[in-house]
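Worksheet: one structure, shown below.
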Amino acid sequence: MSGPGVGDLPASSHLALVTTRHGAVLATRDRSWGIPAGDVAGVLRRVDAELAPRWVWWSAEATVSGVLSDDPALRLRRCWDLAAVHRLLHGGSLDDPAHVWAGVTGLDAGTRPTSGQLDLLRPDGDDGDPLEPVRPDGHLRPDWADGGWALGGAEDVGRRATRWAALALQASDEQGRTLRDLDAGGDPVHTAWSESAAALVAVELAVTGLPVDRDAAEAVVAGVAGRRAENPADEAVVRDTRDAPVLAHLPGTDLRNPASVRSALAAVGLDLPDTRSWRLEQVAGAHPAVEALLAWRKSERVATTYGYRWLDTHLRGGRLRGAWSGSDGGAGRMTALAGLHSMPRELRVAVRAEPGHLLVRADLGQVEPRVLAAVSGDPALAAAARQDDLYARVATQLGVERGVAKVAVLAAMYGQTSGAAGAALRDMERTYPVALAYLRAAQDAGHRGDGVRTFGGRLVPMWDVDEVPPEAGAGALSAYRAVLASRGRFARNAVVQGSAAELFKAWTAGVRARLAASGAGDVVLCLHDELLLHVRADVADDVAAGVVDELETTAARWARCAERGVAPVRFVADVRVLERWSDVS
DNA sequence: GACTCTACGTA
DNA sequence: CGTACGTAGAGTCA
């Protein structure tokens with residue numbers, strides 16, 4: 001068998017893709033094509049270029065990772081990621097085929113069979129045709145759900161892959177129907193597209209990696225944490241050198257044991273409830289040991305987490321790589337391993353464009369309050385969000401200093417009620433009643449234990465809380481109330497943070513599409529509201545302009561939901577062309 | 001070895 | 001009694 005001819009497929013339609021170690025299968029509703037292993041990347045490249053299908057797969061991770069190892073520059077344009085859409089619709093982090101199929105069929109995933117149960121309870125395997133992935137009870141057979149279908153000879157695997165591809169198409173149709181009926185402020189179907197793109201970006205990011213200059217990185221590490229140790233004994237020498245300045249003030253302290261540090265500080269007259277940095281900073285002048293300890297903490301952080309071991313583990317061939325998730329956590333932000341989301345700013349000087357290339361850094365300004373204005377439909381906050389500096393306008397509207405206004409807005413979104421923010425919050429209630437009511441509704445839902453949905457329709461489920469019996473003591477009761485309150489704060493924040501994540505990913509998906517079309521370069525880092533691109537130097541300025549343009553496209557799409565009470569707001573990005581991430585301009 | 005606690009880097 | 005995430009070291013328990 002060979003790849004499909006161009007005329008064999010309808011353009012711009014859903015096209016299922018399943019990859020195996022023997023090759024791949026493409027399928028429409030009524031036809032399928034097999035592709036031998038060596039041809040997969042080439043055929044996908046050609047079909048994508050000529051027909052621009054929306055590729056349907058169970059997950060980008062399972063389907064595309066292998067293809068990208070053969071052809072790292074392959075950029076498939078549009079996709080429908082069943083796992084990503086499942087998480088959008090149903091929340092949570094479980095998105096394996098068994099859960100996806102349970103979501104599609106409306107079955108309770110908790111009743112799905114597992115391979116263990118199959119062995120124990122059904123020794124005969126008498127649960128239907130082994131060539132049919134769906135059992136009579138509607139669940140996937142465990143040996144299909146866990147990938148067992150892909151084991152065996154090329155012919156058998158090819159047959160099963162064809163069935164698996166057909167099932168993926170069926171699942172995507174059903175997900176699409178559910179999304180179209182979903183009651184959300186935004187556009188769930190479009191969100192499904194961008195969330196699918198984000199899942200693909202996650203796979204691409206793991207392959208592409210962040211360009212890091214090892215010498216520059218090691219120079220930073222050396223300056224902050226000391227030289228590279230030559231052997232385990234030398235390791236102790238370097239560590240003692242780091243510790244010495246603090247031990248001069250607090251002899252005999254185990255710096256890595258918070259209890260030891262706390263009692264050592266108490267011994268010099270500083271009785272603190274804990275030894276966290278922000279608390280130490282409050283008493284910085286009280287004793288020279290505090291300053292030494294703060295400096296030590298910084299260098300110890302680099303030494304243990306972002307030092308030579310980190311570089312040796314994750315930096316290869318000038319690229320720092322880690323696994324990514326396109327939507328993780330409660331609100332569906334992207335996450336990254338290998339410390340890619342939390343490397344200290346000091347190390348950004350080592351993130352450097354390769355020869356002939358430049359970085360394009362773009363970060364969204366004040367994105368969460370702008371998102372709040374849009375999704376809540378608050379006219380006054382939206383008016384502020386049409387300004388370059390939202391907080392300045394809020395300050396005018398509240399009649400306070402800009403700094404106070406910023407704290408008040410952030411406090412409202414995070415659910416803070418104490419301190420100076422508490423007072424400013426009352427002014428917020430008066431000035432932005434619609435936005436505050438929106439936040440309160442989310443908080444109330446979370447408090448009750450009900451899930452909330454983001455603008456794009458992502459379900460953010462709430463966790464269960466053990467009820468306390470009526471005769472419970474005051475302590476148990478207040479602990480219970482505290483847990484309910486934390487659930488409320490989480491929900492209040494999730495509708496903003498999650499919707500902002502959707503805006504970011506829609507923007508990122510568009511930027512990625514432009515990069516793919518022009519061949520200008522790659523997305524190399526996604527940092528919640530900041531994008532880092534690595535592009536050919538000769539087109540860097542064009543790419544930067546495209547990034548701004550793409551943000552306007554994304555914002556306009558959001559504004560099109562205006563008839564549903566969504567306020568048109570402006571989203572702004574600071575876009576710069578740089579050699580090093582740390583560069584100011 | 002799995003788990004919790006403390007701590008801290010990023011947004 | 002301000003949100004989310006990932007990583008590491010020390011301690012606890014088995």
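First the proteins, then the strands, lettered A, B, ... as listed; each starts at 1.
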Roughly, in whole Å, what's the span from [atom1] in [X] to [atom2] in [N]?
X         : N       : atom1 : atom2 : value
Asn493(A) : dC5(C)  : CG    : P     : 10 Å
Glu368(A) : dG2(C)  : CD    : P     : 17 Å
Asp312(A) : dT7(C)  : CG    : C1'   : 17 Å
Arg262(A) : dA10(C) : CZ    : C1'   : 17 Å
Leu210(A) : dG6(C)  : CG    : C1'   : 16 Å
Arg239(A) : dA10(C) : CZ    : C1'   : 12 Å

Give me the atom names and distance for the closest heavy-atom approach of Asp254(A) to Val261(A).
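In this case the closest contact between Asp254(A) and Val261(A) is O-CG2, 3.7 Å.
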
Are the ring centres of Phe571(A) and Trp507(A) closer than 6.0 Å?
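No: the rings miss the under 6.0 Å criterion.
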
Do the two ring centres, one from Trp558(A) and one from His190(A), sit under 6.0 Å apart?
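No, they do not, as the ring centres are separated by 6.0 Å or more.
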
Ignoring hydrogens and angles, state whether a donor on the side chain of [X] or [Y] is under 3.5 Å from an acceptor on the partner side chain.
X         : Y         : result
Asp427(A) : Gln397(A) : no
His99(A)  : Asp96(A)  : yes
Thr275(A) : Arg297(A) : yes

Would you classify Arg309(A) as touching base, sugar-phosphate or nothing, given that sugar-phosphate means primed atoms plus P, OP1 and OP2, and contacts are heavy atoms under 4.0 Å?
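Sugar-phosphate, no base atom in range.
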
Scan Ala336(A) against the nucleic acid and name what it touches under 4.0 Å (heavy atoms): base, sugar-phosphate only, or nothing.
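Since only primed, P, OP1 and OP2 atoms lie under 4.0 Å of Ala336(A), the category is sugar-phosphate.
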
I need a per-nucleotide contact map over nucleotides 5-11 of chain B, read 5' to 3'. Cutoff is protein heavy atoms under 4.0 Å; write B for the base, S for backbone only, - otherwise.
-SBBBSB

If you check the Leu410(A) side chain, which of dA8(C), dG2(C), dA10(C) turns out closest?
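Nucleotide nearest to Leu410(A)'s side chain: dG2(C).
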
From dA4(C), dG11(C), dG6(C), nucleotide with atom closest to Phe490(A) side chain:
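Within the option list, the nearest is dA4(C).
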
Glu502(A) and its side chain to side chain donor-acceptor pair (under 3.5 Å) partner, picked from Thr454(A), Thr554(A), Thr191(A):
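Checked Thr454(A), Thr554(A), Thr191(A) against Glu502(A); only one passes side chain to side chain donor-acceptor pair (under 3.5 Å): Thr454(A).
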
Could you work out the separation of dC1(C) and dC5(B) based on their P atoms and round it to a whole Å?
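One P to the other, the span is 15 Å.
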
Under a 4.0 Å N-O cut-off, is there an ion pair linking Arg256(A) with Asp243(A)?
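A salt bridge is present here (some side-chain N lies under 4.0 Å from a carboxylate O).
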
Using a cut-off of 6.0 Å, state whether more than 12 heavy atoms not belonging to Asn231(A) lie near its atom CG.
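Check passes, neighbour count above 12.
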
Can you give me the dot-bracket string for DNA chain C, 5' to 3', counting Watson-Crick and G-U wobble pairs with both distances under 3.5 Å, using [ ] for crossing pairs and | for partners on another strand?
..|||||||||||.

